[in-house]
Amino acid sequence: MLYLKEEKMKKLEKQRKKALGEASIGGKFELVDQNGKKFTSSDLEGKWVLLYFGFTHCPDICPDELEKLCKAVDIISANKEADPIQSVFITVDPERDDVKAVREYIAEFSPKLIGLTGTQEQVNQATRSYRVYYSAGPRDHENDYIVDHTIITYLIDPDGKLVDYYGQTKTAEDVATGAINSMKKYRSLNRRLGFL
Ligand code: NI
């Protein structure tokens, strides 16, 4: 009995994944994590994810947004109705944000945070997937520059599908509430599919 039910669940899950494959935002990427190891979008499958694109030299917006993101993850993790969630930062400035820079940067926010970088081409691929805009400004006499970029936190479900996103005006509580509601919806949909 249990075996048959599991088989049925697997089949339905496969069908659902196929249908969701059409989703336009989000998708595959291949980058390098803060330990220098290859990290791809498949490594996040089966997990809820809060994803943010930025750069470590960002003077104030990225630090504020990452602090908010980590706070949201703490609120979610403390909620009994929530599923586990992974926070991820992807740099849009791979020229300066190498593995070491990303590792040191994310350590300032949370030990739970994963930080990703890569070649320019790999980063371009990831930003294209999520339709993230970024553009490096002019360099000053110290070769310093600001990267203008999209300020959005993405919520991705365990199938790798983008389900929601949060702009700068959202608080950590807003993000946490949104994520927990999406988790409940996802579970109820799965239950319905499983008992059909
Ligand atoms: Ni920034």
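Just so it is clear, the structure is predicted and the values come from calculations on it, not from any experiment. Each ligand, and each atom within it, is numbered from 1 in the order the structure gives.
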Polar protein atoms (N, O or S) that approach the Ni ion (ligand 1) to under 2.8 Å: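 Near the Ni ion (ligand 1), the protein supplies Cys58 SG, Cys62 SG, His149 NE2.
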Any side-chain donor near an acceptor of the partner, Asp74 and Ser77, under 3.5 Å: no
is_close_aromatic(Tyr134, Phe53), centroid dist under 6.0 Å: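 Ring centres of Phe53 and Tyr134 not closer than 6.0 Å.
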Audit row: Tyr105, Phe89, ring pair (Phe, Tyr, Trp, His ring centres under 6.0 Å) steps and yes/no: CA-CA 10 Å; Tyr105 187 65; Phe89 164 79; 5.6 Å; yes
Residues in side-chain contact (heavy atoms from CB on, under 4.5 Å) contact with Ile180, at least two apart in sequence or another chain: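 In terms of side-chain contact (heavy atoms from CB on, under 4.5 Å), with neighbours along the sequence ignored, Ile180 is linked to Ile76, Asn79, Ala82, Lys184.
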Partner residues of Lys100 under the salt bridge (charged side-chain N to carboxylate O under 4.0 Å, His left out) criterion, sequence neighbours left out: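 If we apply the salt bridge (charged side-chain N to carboxylate O under 4.0 Å, His left out) test to Lys100, skipping adjacent residues, the hits are Glu104.
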Show every donor-acceptor pair shorter than 3.5 Å between a side-chain atom in residues 66-73 and any protein atom, with sequence neighbours excluded, or say none if there are none.
| unit_1 | atom_1 | unit_2 | atom_2 | d |
| --- | --- | --- | --- | --- |
| Lys68 | NZ | Glu65 | OE1 | 3.2 |
| Lys68 | NZ | Glu65 | OE2 | 3.3 |
| Lys68 | NZ | Gln168 | O | 3.0 |
| Lys68 | NZ | Lys170 | O | 2.5 |
| Lys71 | NZ | Glu173 | OE2 | 3.4 |

